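All values below come from the heavy atoms of this structure, side chains included, with hydrogens, waters and symmetry mates left out. No experiment lies behind these values; they were computed from the predicted model shown.
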Amino acid sequence: MMRTRPLKVALLGCGVVGSEVARIMTTHADDLTQRVGAPVELAGIAVRRPGRVRDGVPAELITTDATALVKRGDIDVVVEVIGGIEPARALITAAFEHGASVVSANKALLAQDGAALHAAAEQHGADLYYEAAVAGAIPLVRPLRESLAGDKVNRVLGIVNGTTNFILDKMDSSGAGYSEALDEATALGYAEADPTADVEGFDAAAKAAILAGIAFHTRVRLDDVYREGMTEVTAADFASAKQMGCTIKLLAICERAADGRSVTARVHPAMIPLGHPLASVREAYNAVFIEAEAAGQLMFYGPGAGGSPTASAVLGDLVAVCRNKLAESTGPGESAYTRLPVSPMGEVVTRYHISLDVADKPGVLAQVATVFAEHGVSIDTVRQQGKDGEAALVVVTHRAADAALSATVEALRKLDTVRGVASIMRVEGEKGE
């Protein structure tokens with residue numbers, strides 16, 4: 001028998017995502033009622049600028065007092081899509097204290113304070129759901145928390161930022177430089193006026209922290225994630241990648257160590273073989289590749305941002321949380337029982353592509369090879385081109401620790417025959433993969 005008293009929802013934020021959540025809740029109210037088992041009523045919308053025109057959003061629900069809204073005793077679920085650390089953290093905490101469950105899309109807050117928020121939710125018998133915090137409409141959080149709960153995930157590798165993927169895709173397909181591709185992304189609305197959070201990897205790092213924590217059942221904070229942006233990637237790097245049968249993507253990589261005693265989480269540009277599933281992800285799309293012990297290799301693909309895709313993930317969580325409310329239960333909370341440490345970047349082992357500017361004379365290659373050997377870094381291939389006394393030497397290594405490679409590069413810079421290090425890029429995936 002369907003309950004007639006509605007479940008009341010408070011919406012914090014009514015921008016691109018929030019307005020779409022409000023619109024769908026209003027226009028699809030009957031469908032949501034049937035899916036939940038009770039009416040779902042939008043009871044209030046907290047905004048900062050009440051005078052702004054919001055098509056399809058009931059004006060009578062608008063308020064500027066977010067604190068009063070979440071503290072109302074009749075609110076069942078709070079949907080937070082305002083982003084940032086404060087006041088989002090205080091509002092979510094207040095929602096738990098006043099008996100409401102929370103659906104959030106706030107990757108920055110979850111990456112920084114996820115453990116504390118989970119603890120607050122558990123203390124007050126509430127849910128904290130956040131599918132929309134990672135990769136928009138693509139289901140990732142729930143599959144990792146629930147579908148793969150009985151499996152052992154060893155690796156999560158993904159493109160989790162649409163802006164950077166659009167820029168790198170344009171550089172790859174058209175030969176454009178970074179600035180030119182960024183201008184196009186901005187003109188099309190893929191990049192913000194200040195694209196720093198995207199192009200310097202902050203956005204992807206927050207998502208990597210969330211995914212690593214869920215995948216490996218341990219606590220991973222934003223500060224634990226190694227981060228490197230993609231602003232230094234050049235057309236020459238793409239030319240080198242093509243010669244290797246690769247392309248370049250900004251990747252979020254979360255791995256369990258081979259001995260199972262630690263994990264790593266990192267974000268940086270990397271060359272990947274054209275045969276890898278992630279190499280074919282184009283434009284502003286996202287994709288995440290998961291490797292699990294029993295399930296094997298799984299691929300999740302789709303739009304990673306935007307009002308409608310993100311609203312889809314928010315509403316999926318809203319339905320789940322409302323069902324839990326009706327059943328007087330809660331869904332899965334934080335799982336951090338493994339307490340695995342996060343290893344520093346220096347211990348990460350991968351392949352490398354190094355481009356050196358060297359003098360075009362006999363013996364240079366032998367000197368460079370000696371430096372690599374002295375630091376225990378094995379060379380896979382070498383390519384040399386020279387003209388008029390100058391030359392480019394491109395070295396691709398076998399797998400080596402990041403610390404060993406860094407020491408090698410510092411030693412190379414001291415050679416008289418090495419004029420400079422043009423670029424260093426990691427190579428993910430084995431040859432022919």
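- A pairwise comparison of heavy atoms in Ile167 and Ala185 identifies CG1-CB, 4.0 Å as the closest pair.
- For the pair Asn161 (side chain) and Thr164 (backbone), a donor-acceptor distance under 3.5 Å is present.
- With salt bridges taken as basic N to acidic carboxylate O contacts below 4.0 Å, none links Asp127 and Lys325.
- Heavy atoms only, all atoms of each residue included: Arg399 and Val349 are closest at NH2-O, 3.0 Å.
- Comment: Glu334 engages Arg219 in a salt bridge, judged by a side-chain N to carboxylate O separation of less than 4.0 angstrom.
- The shortest non-hydrogen separation linking Met171 to Ala181 is CG-CB, 3.9 Å.
- Remark: Glu97 does not engage Lys71 in a salt bridge, criterion side-chain N to carboxylate O under 4.0 Å.
- A heavy-atom distance below 4.5 Å is found between the side chains of Thr231 and Tyr178.
- Between Glu228 atom CD and Leu250 atom CG the span is 9.0 Å, to the nearest 0.5 Å.
- In this structure, a donor-acceptor pair under 3.5 Å is absent between the side chains of Thr186 and Asp183.
- Here the side chains of Arg35 and Arg323 are in contact, with some heavy-atom distance below 4.5 Å.
- Using modelled atom types, one side-chain atom of Arg256 and one backbone atom of Val153 make a donor-acceptor pair closer than 3.5 Å.
- Taking 4.5 Å as the limit, some side-chain heavy atom of Lys107 sits within range of a side-chain heavy atom of Asp203.
- Side-chain atoms of Arg54 come within 3.5 Å of backbone N or O of Arg52 as a donor-acceptor pair.
- Tyr129 and Glu131 are not linked by any side-chain donor-acceptor pair at a separation below 3.5 angstrom, with hydrogens and angles left out of the test.
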Legend entry - Residue pair Val103, Val9: steps toward the side-chain contact (heavy atoms from CB on, under 4.5 Å) verdict: CA-CA 10 Å; Val103 172; Val9 178; over 6 Å; no
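- With Phe202 as the aromatic partner, Arg227 meets the cation-pi criteria of under 6.0 angstrom to the ring centre and within 45 degrees of the ring axis.
- The pair Arg426-Asp402 meets the salt-bridge criterion, since a charged nitrogen lies less than 4.0 angstrom from a carboxylate oxygen.
- With rounding to the nearest 0.5 Å, the separation of OG1 in Thr93 from CD in Gln123 is 10.0 Å.
- In this structure, Gln243 places its CD atom where more than 12 heavy-atom neighbours from other residues, nucleotides or ligands lie under 6.0 Å away.
- No hydrogens or angles considered: nothing links the side chains of Asp65 and Thr63 as a donor-acceptor pair under 3.5 Å.
- Ser173 places a side-chain heavy atom less than 4.5 Å from the side chain of Arg282.
- A donor-acceptor distance shorter than 3.5 angstrom exists from the side chain of Glu80 to the backbone of Gly83, with no hydrogens or angles considered.
- Here the closest heavy-atom approach between residue Val17 and residue Gly306 is recorded as CG2-O, 4.4 Å.
- With rounding to the nearest 0.5 Å, the separation of OG1 in Thr247 from CG in Leu168 is 7.5 Å.
- Considering only heavy atoms from C-beta on, Ile92 stays 4.5 Å or farther from Val78 through its side chain.
- In this structure, the side chain of Asn286 does not engage the main chain of Gly302 through any donor-acceptor pair within 3.5 Å.
- Around the CD atom of Glu122, the shell of radius 6.0 Å holds no more than 12 heavy atoms that belong to other residues, nucleotides or ligands.
- Judged by distance alone, the side chain of Thr26 and the main-chain N or O of Ala22 form a donor-acceptor pair under 3.5 Å.
- Expressed to the nearest 0.5 Å, how far CZ of Arg413 lies from CG of Leu356 amounts to 9.0 Å.
- For CZ of Phe238, the number of neighbouring non-hydrogen atoms (other residues, nucleotides, ligands) closer than 6.0 Å is greater than 12.
- The number of heavy-atom neighbours closer than 6.0 Å to CZ of Arg48, taken from other residues, nucleotides and ligands shown, is 12 or below.
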Inset, instruction - Walk me through it: do Cys14 and Val57 pass the test side-chain contact (heavy atoms from CB on, under 4.5 Å)? - result: CA-CA 9 Å; Cys14 200; Val57 177; 3.9 Å; yes
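- For the residue pair Ala205 and Val225, the shortest heavy atom distance occurs at O-CG2, 3.7 Å.
- Side-chain N or O atoms of Ser101 include none that pairs as donor or acceptor with a backbone N or O of Ala126 at under 3.5 Å.
- Asp224 places no side-chain N or O within 3.5 Å of a backbone atom of Val342 that could act as its donor or acceptor partner.
- Arg221 contributes a side-chain N or O that, together with a main-chain N or O of Gln112, makes up a donor-acceptor pair within less than 3.5 Å.
- The shortest side-chain heavy-atom distance between Ile82 and Pro87 falls under the 4.5 Å cut-off.
- Glu428 and Thr350 form a side-chain donor-acceptor contact under 3.5 Å, judged by distance and modelled atom types alone.
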Inset, instruction - Carefully, step by step, assess Leu144 and Ile290 under the rule side-chain contact (heavy atoms from CB on, under 4.5 Å). - result: CA-CA 9 Å; Leu144 282 170; Ile290 295 175; 3.9 Å; yes
Inset, instruction - Would you please test Leu278 and Met299 for side-chain contact (heavy atoms from CB on, under 4.5 Å) and show each step? - result: CA-CA 9 Å; Leu278 292 178; Met299 177 85 160; 4.0 Å; yes
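- A side chain to side chain contact (heavy atoms under 4.5 Å, CB included) with Tyr130 is found for one member of Leu117, Asn106, Val314, Ile214 and no other, namely Ile214.
- Between Leu140 and Lys207 the shortest side-chain heavy-atom distance does not fall below 4.5 Å.
- Remark: the backbone N or O of Glu291 is not paired with any side-chain donor or acceptor of Asn154 at under 3.5 angstrom.
- Rounded to the nearest 0.5 Å, atoms CG (Asp76) and CG (Leu326) are 8.5 Å apart.
- By the neighbour-count criterion of 12 heavy atoms within 6.0 Å, atom CD of Glu192 is sparsely surrounded, having that number or fewer from other residues, nucleotides or ligands.
- Using cut-offs of 30° and 60° for the angle between ring planes, the His217 and Tyr337 rings count as tilted.
- Residue Ser262 comes nearest to Leu340 through the heavy atom pair N-CD2, 4.2 Å, listed as atom of the first residue, atom of the second, then distance.
- Side-chain contact between Leu318 and Val77 is present, with heavy atoms from C-beta onward closer than 4.5 Å.
- With values rounded to the nearest 0.5 angstrom, Asp237 atom CG is found 5.5 Å from Met271 atom CE.
- A salt bridge links Lys242 to Asp172: at least one charged side-chain nitrogen sits closer than 4.0 Å to a carboxylate oxygen.
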